Amino acid sequence: MTIPKLFFVFSFLLFAFAGSSAYGSNAKHYIVYLGDHSLLKAEDVINSNHELLAQVIGGVEKAQRSTIHHYHKSFRGFSAMLTPEQADTLTKKRSIVSVFESKRYHLQTTRSWDFMVEQVKNGSSKGLFSEHRSQIKGPKHDVIVGHFDSGVWPESNSFSENGLGPVPDYFRGQCIPGDQFPSNKCNRKIIGARYYYEGYEISYGPLERAGRRFYRSARDDFSHGSHTASIAAGLPNAIQENLVIQGGAPGARLSVYKVCWFDHCDSADILKAYDDAIHDNVDVITYSIGLPSPASYFEDAMAIGAYHAFKNGIVVVASAGNDRRIGSVVNVAPWMITVAASTIDRQFINYITLGTGYTIQGYGLNNDVPRSSFPLTIYTRNYPQERYCKTTLNSAYTYNKIVVCYMEAGEDSIAAKSEIVREAGGAGMIVIDEGDATQVIFDAYAVPISVIELQQGMQLEEYITTSSNPFAIISPTEAVLNTKPAPTMAYFSRQGPNAITPDVIKPDITAPGFNIFAAFPGGPNEFGIDSGTSMSAPHVTGVASTIRATNKRWSVAAIKSAIMTTAIMNDNTGGPIQSGAGPATPFDFGSGHLEPDLALSPGLVYEFDEKDLIDFLCYHITNDYDFYKLSNMVGRNVVCNSPPVPPYQLNYPSIAISSLDRSVSVRRTVTFVASRNGPKVYGASIEPPEGVDVTVEPQVLDFSHGEENLSYTVHFTPLRVAPGYAYTFGSITWSDENQHRVRSPIAVRYPYNSFIFRFEKARNAAVHHYHKSFRGFSAMLTPEQADKLSKNQSVVSVFESTSHPLHTTRSWNFMLEQVKQGGYGRGLFTKFQQQIQGPYHDVIVGHFDSGVWPESSSFNDHGLGPVPDYFKGQCTAGDNFPSNTCNRKIIGARYYYQGFELENGLLKNQGSPFYRSARDDNNHGTHTASIAVGAPVQSTILNSLKNQVIVGGASKARLSVYKACWFNKCSCADLLKAYDDAIWDNVDVISLSAGQNSPVNYFEDCIAIGAYHAFRSNIVVVASAGNDKPNGNGITAREGSVTNVAPWMITVGASTADRQFVNSIVLGNEKSFQAHGISGLTLDGSHPIVSGGYCHRNSLKNRATASKILVCFVERPSENRTDKSEVVRQAGGVGMILVDKVDLSQVVYANYVVPTVVIGPEEARHIEDYIKKTKTPFASISPVQEKLNTKPSPKMAYFSSKGPNSITPDIIKPDLIAPGLNILAAIPHDQIGMFSGTSMAAPHVTGVAAVLQATNKRWSVAAIKSALMTTAILNDNTGNPIQSGNRPATPFDIGSGHLEPDLAFSPGLVYEFNENDLIDFLCYHTKDHNKVNQMVGKNVQCKSQPVPPYQLNYPTIAISELAGPISVRRTVTILEGKKISQLYRVSIEQPEGVDVTVEPEFLDFSRAQGSKLNYTVHFTPRNDKVRNYVFGSITWSNGKQYQVKSAIAVRVVV
């Protein structure tokens, strides 16, 4: 007996096109899509794509030659020339979402705006659209439309910049020059221009081969792009006297992405345009492009790109396609707006006056029409087979005559017929159309034309056949307005149902797309007329752009809902909009016809977000392999519901149930967006579909108590068996006293009984049906059945279901006491720290570490409000960490282990306990997180500390946890993935205490790469400088050991605070010595004492050490001190006196296993002498005591890594220091622990940066960094310079100095730098500019003479090779108001052997044009010897309030 197995069958249409022979005779252009990887743009990502491809193509070099596009800005993937076998091999890899052939997309090709706004006769919404679209200007209402098409004609007046302000500062695009499109063609209207041809050429050959005119640039060479762009966003353009055309959002900016050439748009090029447009920060994307038939979401470039656009808050508007067949609608993903086409109330008519004087009304659009009459001829009287005028005509019968031609089919080209008539010498053409002549698509005609319907054609034929000398005159065109009925559905507009997801209605809406006037190439006032859903989509784009500009906080779903639920259903006669011979249904026009005024005041909206879309996509998951695909697509691990959520439960503005074979309940949630001063009670009215009982619970939604969201449930019950497998339609409308009508169409299909019985066996075998995102099913089949299915032409396939190391209260009080009572800035940090609350001052810290212990009191959410609505993260469940573990403090949690396991082996094989979740299993993560943002909690460590309260710097900040570290190791791949998520999640600050053992170049350092993309998203990144072993002197870390040196992150060294932990050693002779140490263990009474030497392993064997205190010596600075305590314990010792050469004020708390204190060599000599001279030596060790206000403090921690910066010596690193020695903070199990390291210093800076970010939302990353650095202090609490070892600290120890929280909130001046400055910085570091292109995500023009790094507008100045005079330019920005003195004077601390001057010496902002002023620092060496680094500073002061100090480091090399 053959055992059935579970197989999967997928069925969809693939379009194949011949590729270049250079890649093999059967190679084709495929897209390999790897999902959400939007923030990884460095060279190693591109290399990984090549390596992935090399596995199937035979080497990296071949992979590089085969690759066409890399998608690395907004998501991850590439396109390449592959054989079908290679593509199939790639498809089976877990890291890949989908592999699909690059398909050909087709372009889907005033009065319309007036027509639409006239639909609202009166009411509160009348005129809203005109009012709001006139307000699109300035930073508060700017909006950028990304336009995917055939380019634009930049000289058209529709794209002039008249009346527009500066380019929005959030736009990150560029103007790419090309053929007849220099970069200066962009202006304040066309603010960006890109073009893509690689995909087209690889599929169809070089552009030149097409034999048609083209511009290898963003210039339009096909008319389509200029036309659609001007409909959406064109400025008013007087194309003729008394005729002005303009777009829906004339004040919108336009960023052009030319992806179409000669009516062909390659999907690889389209996906690259999405990659760029999302990165460029456009607000709306519009395209009038589509496949011949719908494709699955995972293999449709438009759907893939639109998904990532949705995630980034970008509205995508797409055309529904031109093909009247049922179920042919394309662009059906629910995350885009799909637009059908309809007519307007304008017709272009003319008259045919016959020789008898009889007049026939026709339709036509003619420019120059002769007033004289011409002979009439029906060419088919002599050549019946040519009645359609599709081939060459015999001029003997047509010369100087009006030729009568027939339409053969709806898609016949009248323009082509007119050209054939012109070539035959014809003077004009009359076309007889058996269809609706009112829906003739007008074009540019070669001769005057008139189109008449069949009945009139019969009259014309009778006249010609009965007259011996038939003549006629075709009159000029007349435009007739207010024609009725209008609108009607355009005959070409594609229809639903949605072939991919029948449970989502498509199209969404209809808009004018018939005979639309708009701009054309050729001149400033050139215009043309065109028809198609291509023309309807940009109408919706114009409205969507206006809504976006005036409602910046509305989500993509809210904008979509506003457009759909306010659409109108009736034409200008008051009857239902017609489609063909009957009323239109939701499959014709979705929710109805676009109504711009009403869309701006919808009353209620239906919201859905990415989480809802994940449920939508989960519906199609059947095995682990599909889970990997979905996880890759959305960019994080996905947990799907079981059973999956049906697509009709998506909170969509319409409802569709494709198989109602039982009662179904559908839940919807609406959000109140109307004025709180207006009606707040909405009642439901139902138009039930025929044969279906529909009820709603509740029937009233009352928002009068302040509710923002309310839910309702719609119950559907089939009442009878349908006559076939039929759809019926209805609607549900919520209204509030006639001000708002929020309407949702309904489409329901219920099956015919005989269908069920006929396919009973098939139904029993089937397990899953895939009909929402792609077509297919899973079923229990025998291998023979599976093999038979695989040979079916409609079936595609049938297959069986089968590190970085961690850098590891009193500290806050110590820092805040540095500003003396009455000093300027005193108390500012505490004041602003308390203001972190509510939507205006919320701040989210992304914490990269070993996780957190969520039950710790440090992470309670007492007093915190709702989770910020801008946060897009999630709480990922795992071991001992259910999703409800998150609260209003810990608002997000993710964990990453894949990289660790690949590099170090499975977690379970590491030999230590762990949690495969965001729960901390290492102490480190909980500790660092609580330093940064911990809520107040009482200490539980040591008797002397138990009454102390420890608290984080930003105690009211929210925490999003990214566990990327396991067993003190953090995989680079995992860290980069954490960055990817954190940036997407919209955190404000990222804190990480991990780094390389030694610095690496920026293009290969995952922490630097991730931080770069965080900087671009205005996220502050704070990183530890690293912990290094002491140098040869055993006192401080090695020079040049500092890590995390990229200038776009804040690098933090470690210092001490003014607290020491001391105790006393009392010998038997009553002499006492002060010791240091906090082991957490105590030793009662006196015990014998003995010397243990170095206490190495096995060194105490056979020695009488039991029950004794051992004196142990540290032999080398790098030795592990806690290991010695274990040796003592194993030898039976009860305590240890450790003799160390380090600064005793820097004894680090450690987990000693016996009571331990530390002394220096001098004290050790006295104790050793006592032991030698005493027959029975005894000693006691007192309990530890906390000693505060110790001096001098702070000092540099001996372990803190130092500069100079080994990657970029011309940038000083670290940036500043903060407390990092013996810091009390939370650890797991709701305990308090004490740790030391730059790991502890960095979160102190994170806390201050978070408060700065919360209270200064408009400050840039560079401004926050500058405020922290230029206000840092240089002296300790004795008034002397901070010490490092036995000398004053330099900028290579402390950067700008020690963190001072109060002063950071009032810096006076700041040093700003942006991404363009960092591009110059990166260009200096490589000759391979492609590396820079990939990292920054755009084509970069590096300067021929690279800009030296010391010219970066950094808050410090370093010159690593001063061989002669050098001038360094800086720009400062004033932040304070006019009440403070705006005159700053410079003072200079000269580096030894270097002359430093500053021009000018005064900066007077009261006279400045704006808030910025420049100055130049001139450096001149005074001798000719090679020197070490020397140090100094420059300080700008406005008196007593502000001292804006910049450290200087110079090395003279002459």
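Computed from a prediction, not measured in an experiment: that's the story for all the values here.
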message = Run the side chain to side chain donor-acceptor pair (under 3.5 Å) test on S531 and N515 for me, step by step, so that the C-alpha distance in whole Å, both residues' side-chain angles and the decisive distance to 0.1 Å come before the verdict.
response = CA-CA 5 Å; S531 299; N515 290 334; 3.1 Å; yes

ask   = Should F587 and F729 be marked as a ring pair (Phe, Tyr, Trp, His ring centres under 6.0 Å) after you check the CA-CA gap, both sets of side-chain angles, and the distance that decides it?
value = CA-CA 10 Å; F587 290 162; F729 306 97; 5.2 Å; yes

task = Kindly determine whether E687 and S731 satisfy side chain to side chain donor-acceptor pair (under 3.5 Å), including the steps that lead there.
result = CA-CA 5 Å; E687 179 189 352; S731 67; 3.2 Å; yes

inquiry  = Please evaluate residues R346 and V480 with respect to the criterion side chain to side chain contact (heavy atoms under 4.5 Å, CB included), reporting the C-alpha separation (whole Å), side-chain torsions for both, the decisive distance (0.1 Å), and the verdict.
reply    = CA-CA 6 Å; R346 176 182 62 196; V480 179; over 6 Å; no

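For the side-chain hydrogen bond (donor to acceptor under 3.5 Å, both in side chains) with T228, the lone residue among D530, D149, T286 that qualifies is D149. Shown are V543, T541, V317; of these, the side-chain contact (heavy atoms from CB on, under 4.5 Å) with I337 is made only by V317.
To the nearest 0.5 Å, atoms CG (N350) and OG1 (T477) are separated by 5.0 Å. Considering OG of S591 and CE of M569, their distance stands at 8.0 Å, rounded to 0.5 Å. Atom CD in E423 sits 9.5 Å away from atom OG in S418 (nearest 0.5 Å). How far CG of D508 is from OG of S654: 6.5 Å, rounded to the nearest 0.5 Å. Residue F148 holds its CZ atom at 12.0 Å from OG of S288, rounded to the nearest 0.5 Å.
Here the shortest heavy-atom pairing between A656 and I505 reads CB-CG1, 3.6 Å. V332 and T338 get closest at one heavy-atom pair: CA-OG1, 4.3 Å. Across all non-hydrogen atoms, the minimal contact from M489 to S493 is CE-OG, 4.1 Å. The two residues S230 and A519 have their closest heavy-atom pair at OG-N, 2.9 Å. In terms of heavy atoms, S395 sits closest to A424 at CB-O, 3.3 Å. A pairwise comparison of heavy atoms in I289 and C260 identifies CD1-SG, 3.6 Å as the closest pair.
Relative ring orientation between F492 and F514 is described as parallel, the plane-to-plane angle staying below 30° on a 0-90° scale split at 30° and 60°.
Ion pairing between D345 and K484 fails under the 4.0 Å rule for side-chain N and carboxylate O. Under a 4.0 Å N-O distance rule, the pair D221/K258 qualifies as a salt bridge.
Defined by atom type and a distance below 3.5 Å, a donor-acceptor pair is present between the side-chain atoms of T343 and T488.
When the ring-ring contact (aromatic ring centres under 6.0 Å, His included) test is applied to H227, the partners found at least two apart in sequence or on another chain are F520.
Side chain of D220 to main chain of F222: a donor-acceptor pair is present (N/O by atom type, distance under 3.5 Å, no hydrogens or angles). The closest donor-acceptor contact from the side chain of S342 to the backbone of T510 lies at 3.5 Å or more, if one exists at all.
Using a 4.5 Å cut-off on side-chain heavy atoms (C-beta onward), S158 and L235 make no contact. In this structure the side chain of V404 reaches within 4.5 angstrom of the side chain of I464, judged on heavy atoms. Between V421 and T398 there is no side-chain heavy-atom pair separated by less than 4.5 Å.
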Please table the atom pairs, donor to acceptor, closer than 3.5 Å between any side-chain atom in residues 354-362 and protein atoms at least two apart or in another chain.
from	atom 1	to	atom 2	distance (Å)
T356	OG1	Y358	N	3.4
Y358	OH	Q459	OE1	3.2
Q361	NE2	Y363	OH	3.4

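Other residues, nucleotides and ligands place no more than 12 heavy atoms under 6.0 Å from the CD1 atom of I326.
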